[in-house]
Structure formats: structure tokens, C-alpha cells
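Shown next, in C-alpha cells, is the structure this report addresses.
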Amino acid sequence: MIDFDNWSCPVPLRDTPQVVMGHGGGGAMSGELVEHLFLPAYGSAVSPADSAVVPLLGGRIALTTDSYVVKPMVFPGGSIGDLAVNGTINDLAMSGATPRYLTIAFILQEGTPLATVGRIAHAVGAAAAAAGVSVVTGDTKVVDNGSGDGVYLNTAGVGVVPDGVEIGPARAAAGDVLIISGDIGVHGVAVMSVRAGMEFETTVKSDSAPLHGLVAAMLATGADVHTLRDPTRGGVAASLNEIARTAKVGIAVDEPSLPIPEPVADACSLLGLDPLQVANEGKLLAFVPPGDADAVLAAMRAHPFGGGARVIGRCVAEHPGMVVARTALGGTRIVNMPIGEQLPRIC
Amino acid sequence: MKYLDEFGNPVLAKRLVEQIHAATTRPWAMMEVCGGQTHSIIRHGIDQLLPDGVEMIHGPGCPVCVTPLEIIDKALAIAAEPGVIFCSFGDMLRVPGSGQDLFGVKSAGGDVRVVYSPLDALKIARENPDRQVVFFGIGFETTAPANAMTVYQAKRLGVTNFSLLVSHVLVPPAIAAIMESPACRVQAFLAAGHVCSVMGIREYPPLAARYGVPIVVTGFEPLDILEGIRRTVVQLEAGRHDVENAYPRAVRDEGNPAAMAMLQDVFEVTDRTWRGIGMIPGSGWRLSSRYREFDAERRFAVTGIQTNESPLCRSGEVLQGLIKPHECAAFGKQCTPRNPLGATMVSAEGACAAYYAYRRLDLVQLS
């Protein structure tokens, strides 16, 4: 195992330890970058051809694509590399699919240290290996200094949906029990804590994790899981609002039962943010029929990524399309779809 | 910050609610001055727990909401100037000017940055000596000390490329203006706790005496607000109009003398226009003559500003407590947080935004 914190780039660069335009030119420098930096990081499944050729997968295919522009690129508990892999896997897993193949493209800003690129590529490879998924093809482009911002990643993911599994936002139905797999707001607070101009001390680390194993454990109970969603950007609030609108159901959230760790609550209180709107990268929301809820909860709690699973609400026939929380004091409030960027308030 | 949870304890809250019900024999209308309190009241559903006749009127204490349009337009013009780095608290970015907002300036190529302290803006100025760095210094007495300290530091360090676009506003003149309004229905005030933690409470007894209204200095957590309401109701029922401090864990009678000395050095009182309300004499601060060189309005000769408010927006009446947000015809229709016609729909502390965020459901069901 290479010590990547003290890692130096293996690319036999003649002139510079930074990305230069030539690395995206398709010539010898591009080839060196692939051969010495990306391939060792990803392992042997990467195709040397223009496209990866893989066996036909049986059943139905789940296909997703995602892009990653997180700033800063390295944050407590992870980096843009593992985030891209886990995020793509999770998008597949939320359809109940078993992830099989990933593609990954790097868009590099000229001048980015190659050691940073190497660290991110290694994080991609390590996360894919940990999740049992193969990176089968990739791409690299370089943009002018000033046209990009360090490293952007784009991924695609392919998975197989087992027979009989029908999971989607439209299936959430009145009566369904709403389960969260653990603490919320952790990833967003971890990233914000190291963002330029905003640095604050916190013990919070990103929860970035692949959730397909957790989903498999939930499905193995035989439960008819209606809807799954990983509440990333926009947090739990955005996910629940999307589901309420798609399924035309109301969602009632019991605010006191929301698992908000104290450091997340503190950071949100200081910054004037709602923990329900803060991003997660290793959590899922599940809508299951009441009869299946206990078995699903037990299976989740037995899994390393679902230890904090708990019921936080239910689907109701009232207020279709809207998410409503009951407050600790007994009042009610609407949980809104966040508008755009979160804006820390003035005082 | 575990202690904050304790100030949201549902059991203690229920007890206070019962005491408020027991003390109330007739209808009362009281105003919470601060937008932070409005947000907390609506967010936790506190007004739903009060006796039927006890009405919370939402005051003008949201600094984002009352910053005059002319200043917003100046901010937009300065932020769009080449070479300027324009720094602001986050929630000012979406406040509509006559044309666009600061997000619009940013997307058109302006260097607009969100900071969390004005001292961060000063740091940016020192790191970019060839650029002009402007901080948008708005707010009540609460945010003023940090802005004053930043200007003081800029002068001490000889930072010549930093300036402050100032639009500070003051609470006591606003209370007087509300009470002088012929349409005023306010019978008591919950004063803004954090303003008083800076300024103390000595400005308030003359107001309580002149207008015959109880003024209770109140905090922001659910129990703080319920205790403020309870004490206000008790005074109203007894026919008293005293100044009480229901937030002693943050507020001393004399305020914060060090902050007040800094404010007195850096700022001087001026007339100020409040968006939606109009000019209130002596209700603002501007930089004093000793610090005038750091005034962004002087450094950038912005002229030819033609302000243009939406004719549909009734935020002025909302800010004066004359109507509730949903009584405006544009509420939730032409005017939403996504497309705000007035500033009260922008900030989380604006009454319109709080009603839209948390109360749309009841309002839909009511109508």
C-alpha cells in the first residue's frame, strides 16, 4: 500500500510537476499520464481501447451519469475521487441495482499539481475496489488556467436491477413508513468547515460511502421497498419534496426524531442553515409499507452503513406534494425545497 | 451548544404556554421587533400555541429587508465595477435591486464574494493590494461593532484599498416611528435581545413611558420567546408599561461598553431611509468624519440611481405590522422566495419569507 499522504507523482515528467495543456493533447504526454498515473490507480479492468467492451448483463440495466465539482477537492473524511465513485454507485443503488461498471473522466485545470491528480485517481481506484465495482474506461481533458477549477470529474455507472425489484419515487404511497439510514447533514458540514473564508473547527467527517450493500440487505428481507433516495445536494428537504411531488403524496416528518448530530446542529445554528437542507453522501431515505418496516429497520441496523437507521415520518394522504414537519413544541411547519445555494444569514 | 437545546425543552415550553393562557383575559397585540424572533416564532409554531386573542405583529427588525433600495442599487453598481472585489454576508446576494441582484452581477463577471465576518473582507483587501475591496456593512446595532472594528483596523493598518458601504439602522427610533404611526395597533414590544446585548436597555424606559407600552427584552430560542410573551401579557393585564430584561444571560443593563465606545468612535447618527417604511430621523449610523475616507459611497462616485420598486409589493405595510404577509395579493403568487418582489420575501428573517416557508399549508387550507 502506497502512503498517499506522502505520495509523489510517478509520471516521468520532464519539465513540470503540474498539469500542462499537453497532458490533454492526446499525444505522448497524455499517454504517460494514463499509463503512469490513472492505470495504476484503477487496476486491471480498464480498457486500453476507445471503448470498454463488457459482457451483456442479464435482466434490466440501470444507467446513470453524474459530475463532481466539489470545492475543496479534499475535505475531512474524503475527496472528490471517492465522492464520485460512491455517488455514482448510490445513484444506481437507489433503483435497487447492483453496480457493475464505472467510467470516469477528469477535466483538469492547467497548473493543478500532478500529486493532487494522483491522489484523486487513487481515491477513485480505492473506492471502486472497496465497493467491488470496476472502472472500465476513462478520459482526460485539460482546460486553460482560469477556465476550470482544479479537478472536475464526470462519471457514468452501469448496474443490474434484480428481477422483481421495482423501486422509484412514484411508488411512495400514503401509509408508507419513512426511514433514514443514519445521521444527517454530516457531509455538507464537513465540506463547509474547510471551505475558503468559512473555516471552522469541527469533528465532523464526510459520510461518503457506497450504499448498494445496505440496499441489498434491505431487499434481502423480502420487503416491497417502494422508494429509495440518497439525499445529497439539497439534503433531506429536497429529496422529500421531490418524492412528494412525483408520487403526489404528503410527507409528514416528526422533527424531534431526526438524527442530527450535535456538531452538525451547532454548525447549522451558527451559519443559519437548516440541517434538513445540508448534503449527505452516505445516507438513504426509504419508503416501505408499514408491514415491512420492522424487518427493513432491523436489516439496516445490522449493516455497517445503516447502524443509525430510524423512522422519521410517514406518507399521508393529506397535503399532497408537500412535506410538513411537526415541531418539538407541537406546532407544524412546511419543509421547503431549498431554492438555490444555501445563504448563511447575516445575524 | 447543548444549552440551546435546553431552551427548546417541550415540557418547559408547555408550562409557559399554560401560564400565558392563564394570564390572558382579553386580546392583546404585541410586536416582536427582530426578524430572528419572527423566524423562530414561525419556525417552531409558537404563535399557534398562544391564546386566540394574543397576536404577534412582526416588526421591521430584519436588516436585509429594510436596507433601502438605493443602497442596494449602489451596491450592484459598485460590485459591477472592474477591479472591485465586493464582499457581503450571504443573504444580501438575492435581495432584488431595481434591476437585478448581486447574484446577477456575479454571473455577469463581477467579483462578488460571501464572507462570514467583515474582518475576512479586510484580509482579502490586504491580500489583493491592487484591487478595491468593498464590504457591504448593513444591519442593526448587532452587526455594527464588527463593522466598526474592521474600519478601525483598516485605518490602524493603513489599508487604503478597503471601504465600507454602510447602511446601519437603529432600533429605538424605529419603535418610536411605529408608535407615531396613526394606524399603529401595537400595545407592547418584545425588544431584540442581541441589539440590547450591545447597547444595553437604557434607551428603552423613555419609550415605554412616552408611549405607555411594556418593552420586554427577549431572546431567540423558543423558551426565551415564550417567557418574553408571558412577561408582556402579565404587564398588559396589570396595566403596567415597564422595561424588563427577560434575556439576562446575554443582556446587561449597561450593554457592552467596549463595543459602544468603538461604535461612538467610528460611526455617527444620521437620518436613514428604511425600505418599505420611509425616512426615519436619526435612525441610522454612517462613518464619522474620522473614518470618512473608508466610505464606499465617497470612494465610488455612483450617480444616476433611479430606484424602481415593484408596484405590487406591500412589504412596507408588512414591516410596519399593518398587514400580515398573506394579506398581500402578490403573496405566493407573483412573489415567492424564488422571485421576490420585495426584500421581506428574501431573507429567512423576513416575515413574508417565514410565512411562505413554514405557513403556506395553513394559509392554503384557510383560503
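In what follows, every chain begins at residue 1, and chains take the letters A, B, ... in the order their sequences are listed.
- Other residues, nucleotides and ligands place more than 12 heavy atoms under 6.0 Å from the CZ atom of A:R310.
- Residues A:A328 and B:P10 come closest through the heavy atom pair O-CB, 3.5 Å.
- In B:R113, the CZ atom is crowded: over 12 heavy atoms of neighbouring residues, nucleotides or ligands sit closer than 6.0 Å.
- Only the side chain of B:I46 comes within contact range of chain A, judged by heavy atoms closer than 4.5 Å.
- For the residue pair A:N336 and B:Y358, the shortest heavy atom distance occurs at ND2-N, 4.2 Å.
- Atoms CZ and CD, on A:R333 and B:Q48 in that order, are 12.0 Å from each other to the nearest 0.5 Å.
- Minimum interatomic distance between A:L329 and B:P222 (heavy atoms only, all atoms of both residues): CD1-CB, 3.5 Å.
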